[in-house]
Amino acid sequence: MNFDLSEEEQVVAELAQQLFSDLAQTERVKEVEEADGFDRDLWQALADVGLLGLCLPQSAGGSGMQMVALAQLAQAQGRHVAPVPLVASITASMAIAEHLPAEAALLTATADGSEVVTAALAEAGANNPWVPTVRATIDGESVRLVGTKPAVPALPIASHVLVSAVVDGRPALALVDTAAEGVTIEALRTTNHEPQGHLTLDTAIDVRRLVTTDGALDGLLHRVLIATSAVQLGVCEGAVAHAAAHVSTREQFGRPLSAFQAVTQRAADAYIATEALRSTVLNAAWQIDNGDDPTADVLSAAYWASEGTQKVVLAAQHLHGGLGSDVDYPVHRHFLWGMQLGGALGSATAHLARLGHHIATSAS
Amino acid sequence: MDIGDSPEEAAFRAQARTWLEAHATRRSDASRPLPLDEHVPAALAWQAKLHKHGWAGLSWPEAFGGRGMSSVMSTIFNEEMAQFEQTLGPLTVSLGMVAPTLMAHGSPDQQRHIASMLRGEQLWCQLFSEPGAGSDLAALSTRAVLDGDTWIVNGQKVWTSLGQFAQYGILLARTNPDVPKHKGITYFIVDMADPGIEVRPLVQMTGHAHFNETFLTDVRIPAENVVGDVNDGWSVARTTLTSERSSIAGGGAGWSVETLIELAQHTGRANDPIIRQQLAQAHCRSVALTAMGYRVRTAASRKRMPGREMLTMKLAYANHWVATMETAMTLLGGNAMLAGDDAIAEERWQPAFLNQYAIRLGGGTDEVQKNIMGELGLGLPREPSTDRGIAWKDLPT
Ligand SMILES: Cc1cc2nc3c(=O)[nH]c(=O)nc-3n(C[C@H](O)[C@H](O)[C@H](O)COP(=O)(O)OP(=O)(O)OC[C@H]3O[C@@H](n4cnc5c(N)ncnc54)[C@H](O)[C@@H]3O)c2cc1C
């Protein structure tokens with residue numbers, strides 16, 4: 001048993017921290033937010049050092065690493081709230097590499113940064129991504145896709161989107177070219193300025209772009225949940241660091257705010273929630289790579305990411321007083337990211353409901 | 001990173017399991033906690049058996065009679081042992097707190113006790129807390145005065161767990177009142193058979209007399225029983241308190257999320273969505289604790305001091321305990337109020353519910369831990385104190 005990062009994983013963590021702290025400084029993030037929310041220079045820099053291909057097979061120009069390494073990269077991104085569609089593009093490309101190896105050209109293009117891919121997994125209404133609603137009908141060599149997907153991350157800047165769909169009552173994944181006929185994208189404004197879009201499909205794809213393998217959707221959802229949770233971990237770390245720095249220096253009643261226990265104890269609670277998230281994210285990442293059935297570990301981490309992060313970013317925001325809500329001050333980004341990501345693929349209660357079913361059923 | 005057992009660890013686990021199956025009783029629905037006066041001798045006998053078969057002191061240095069293995073191995077053994085009825089609970093102070101303190105600070109003579117503890121021959125208690133010194137432990141006022149080569153001790157201790165059974169105690173007493181409070185404390189080993197020691201059991205709301213008031217009147221302690229240096233007892237006590245936190249956070253609880261789920265199933269509530277949500281939350285907390293445990297153990301096996309991780313884990317453990325007991329009490333409903341033999345099969349839950357204060361208060365209360373966390377985890381300035389630099393005798397009382 002060894003919970004320390006391997007040397008290779010450590011290198012990824014350091015490289016990512018370095019890159020984001022050099023290139024995702026607050027001024028730059030602000031500039032990108034005011035444009036379209038996608039930092040293309042940073043994206044290219046990530047590609048140039050090989051981080052976009054981190055989890056792709058070597059045959060596609062990647063490094064063949066797995067979730068523990070991706071968690072390092074995602075965490076560093078969250079820490080710097082860097083505006084790039086990292087999780088969406090890397091997890092979608094991992095699924096493509098696994099199930100659609102014939103898409104070699106697309107994979108190479110995602111690794112070298114020239115194309116962004118994403119996955120459309122969320123559902124309208126109760127948002128149960130395990131039960132897709134887009135209908136896929138196979139007709140010889142082609143597959144007809146009809147339906148809608150709300151709030152797809154990075155959709156306006158993506159060349160391809162992996163859509164979760166239902167075929168003969170079973171979940172499937174369909175690779176769709178965003179420029180194809182019958183694909184309608186409505187760009188959305190989001191609170192954290194991340195580009196998103198609604199997707200409406202009334203289109204056809206080649207049957208070779210349909211994945212019906214058992215467990216393919218589960219696998220993708222697990223990876224997206226854990227990579228997103230790792231971003232949340234970074235978001236929390238950043239929020240806690242901002243709060244600690246602020247309450248140590250801001251003085252009221254003749255002393256630093258940290259001299260008041262109501263302040264310190266709330267900050268300590270945020271610290272504990274962040275540590276719980278750190279431990280569960282790493283555990284779940286490892287279980288995805290190595291475990292027999294990572295479901296319960298993934299859902300536990302996703303719960304901490306939704307519930308814990310909300311507590312952490314609320315505390316950090318609150319402890320900043322009025323300063324926190326001024327957009328010229330950086331901490332609010334952690335709040336916006338934390339809240340937005342926390343609801344992306346189901347809220348804390350949805351994760352609990354699913355987990356409750358899983359553990360209370362399998363134990364009986 | 002690799003969370004799984006290495007081949008060597010897996011082999012060790014299998015070996016441990018086989019031995020336990022042959023020598024211990026697997027936990028079942030019929031398992032009941034022993035009353036304290038039976039539990040203490042049973043734990044000592046179990047420790048003696050572990051020692052005889054080479055399972056004691058797995059990660060302790062060989063110089064102290066241990067097996068010199070990595071701390072991961074002793075965790076593996078404890079994980080396996082947790083599935084059996086036999087526990088070492090009453091030996092927590094001896095094995096979990098005194099032994100590590102003596103290893104770090106004891107004289108060679110004092111360290112001889114370690115081998116006796118390993119053989120299950122000694123039970124120790126902790127004489128730290130006083131009526132006037134709880135969280136502010138360093139304010140303690142039990143006095144020790146040197147007379148020739150013997151210290152004469154007078155004062156009162158309180159909440160002394162298992163003091164009525166112990167042969168030895170670790171004792172903090174004031175040896176210099178003229179310096180600030182942390183600087184005039186000495187750490188002693190005391191023989192509980194000394195005629196000046198009177199132990200009066202205090203009955204807790206669990207119905208058991210687990211802890212005591214301890215009165216010390218002209219207790220005589222030979223000078224060689226000072227652990228560390230005279231007036232440097234605080235730094236020795238810190239080792240004990242750190243060990244105490246990790247003993248609590250890593251402690252075998254006698255309940256688990258699986259048993260909570262079983263309780264929900266027995267009471268026909270496992271499909272209630274609100275209960276389900278609470279079961280899932282309990283599971284999430286337990287996953288977090290397990291993963292925190294991986295971090296602590298990895299650090300320990302690499303000789304790094306997992307200070308922050310330990311603090312976090314103790315607090316997370318206390319939160320887990322409290323919230324889980326709330327769910328258990330909800331599930332038991334009116335039956336939760338039945339005590340002792342009248343309690344229904346799920347008897348283990350009431351004592352655990354009532355005992356939550358041991359977890360929340362012992363080894364430093366939740367609030368005190370969070371204050372420390374502010375400094376250690378968040379790098380906040382130290383809490384302002386009103387008594388820094390003031391001699392103990394001049395402190396307002
Ligand atoms: C079951 C059990 C077994 C025990 N066994 C032993 C034993 O064997 N040996 C031994 O020596 N002791 C033992 N203790 C005592 C234990 O260490 C103390 O209870 C603990 O240190 C708290 O001290 P106190 O009870 O005096 O509470 P207090 O210090 O009076 O605290 C009361 C409340 O005030 C809060 N508080 C105090 N100071 C602060 C602060 N600075 N900031 C914020 N909040 C604060 C506390 O968090 C707590 O909620 C045991 C206690 C229990 C419950």
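Predicted model only: the values in this text are computed from it and were never measured. Lettering of chains follows the sequences in order, A, B, ..., and the numbering in each one begins at 1.
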Taking every non-hydrogen pair under 4.5 Å, which of [options] racks up the most with chain B?
options	answer
Gly356(A), Ala267(A), Ser279(A)	Ser279(A)
Asp297(A), Val263(A), Asp269(A)	Asp269(A)
Arg278(A), Gln287(A), Arg255(A), Arg354(A)	Arg278(A)

> Looking at Glu275(A) and Arg295(B), does any basic side-chain N land under 4.0 Å from a carboxylate oxygen?
Replying inline: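 Yes, charged N to carboxylate O under 4.0 Å.
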
Atom [atom1] of residue position [X] - does it have more than 12 heavy atoms of other residues, nucleotides or ligands inside 6.0 Å?
X	atom1	value
Arg13(B)	CZ	yes
Leu323(A)	CG	yes
Glu251(A)	CD	yes
Arg382(B)	CZ	no
Glu8(B)	CD	no

Kindly compute the distance separating [atom1] ([X]) from [atom2] ([Y]), expressed to the nearest 0.5 Å.
X	Y	atom1	atom2	result
Leu380(B)	Tyr271(A)	CG	OH	11.0 Å
Thr264(A)	Met373(B)	OG1	CE	12.0 Å
Ile261(B)	Ile359(A)	CD1	CD1	4.0 Å
Asp2(B)	Asn290(A)	CG	CG	6.5 Å
Asp289(A)	Met1(B)	CG	CE	8.5 Å
Asn2(A)	Ser70(B)	CG	OG	10.5 Å

If you look at every heavy atom in [X] and [Y], which pair is closest and at what distance?
X	Y	answer
Ile3(B)	Met1(A)	O-CG, 3.2 Å
Phe3(A)	Ala291(B)	CE2-O, 3.9 Å
Cys284(B)	Leu352(A)	SG-CD2, 4.1 Å

>> So if I apply the side chain to side chain contact (heavy atoms under 4.5 Å, CB included) rule between Val287(B) and each of Leu299(A), Thr280(A), Leu355(A), which one comes out positive?
In response: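 Testing each of Leu299(A), Thr280(A), Leu355(A) against Val287(B), the sole residue satisfying side chain to side chain contact (heavy atoms under 4.5 Å, CB included) is Thr280(A).
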
> Does some side-chain heavy atom of Glu383(B) sit less than 4.5 Å from a side-chain heavy atom of Gln261(A)?
Replying inline: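 A side-chain contact exists here, since the closest heavy-atom pair is under 4.5 Å.
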
> Quick one: are Ile272(A) and Gln369(B) in side-chain contact, heavy atoms under 4.5 Å?
Replying inline: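 No, too far: nothing below the 4.5 Å cut-off.
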
> Side chain, backbone, both or neither: which part of Gln265(A) has an atom under 4.5 Å from a heavy atom of chain B?
Replying inline: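 For Gln265(A), backbone and side chain are both near chain B.
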
> What part of Leu277(A) lies closer than 4.5 angstrom to a heavy atom of chain B: side chain, backbone, both or neither?
Replying inline: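 Neither the backbone nor the side chain of Leu277(A) comes within 4.5 Å of chain B.
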
>> Can you tell me which of Ala270(B), Pro381(B), Gly379(B) forms the most heavy-atom pairs within a distance under 4.5 Å of chain A?
In response: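 The option with the most such pairs is Pro381(B).
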
> chain A: which of Arg297(B), Arg285(B), Arg302(B), Gln278(B) shares the most heavy-atom pairs with it under 4.5 Å?
Replying inline: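 Option with the top pair count is Arg302(B).
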
> Relative to chain A, which segment of Glu9(B) carries a heavy atom at a distance below 4.5 Å: side chain, backbone, both, or neither?
Replying inline: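 Contact with chain A involves the side chain of Glu9(B) alone.
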
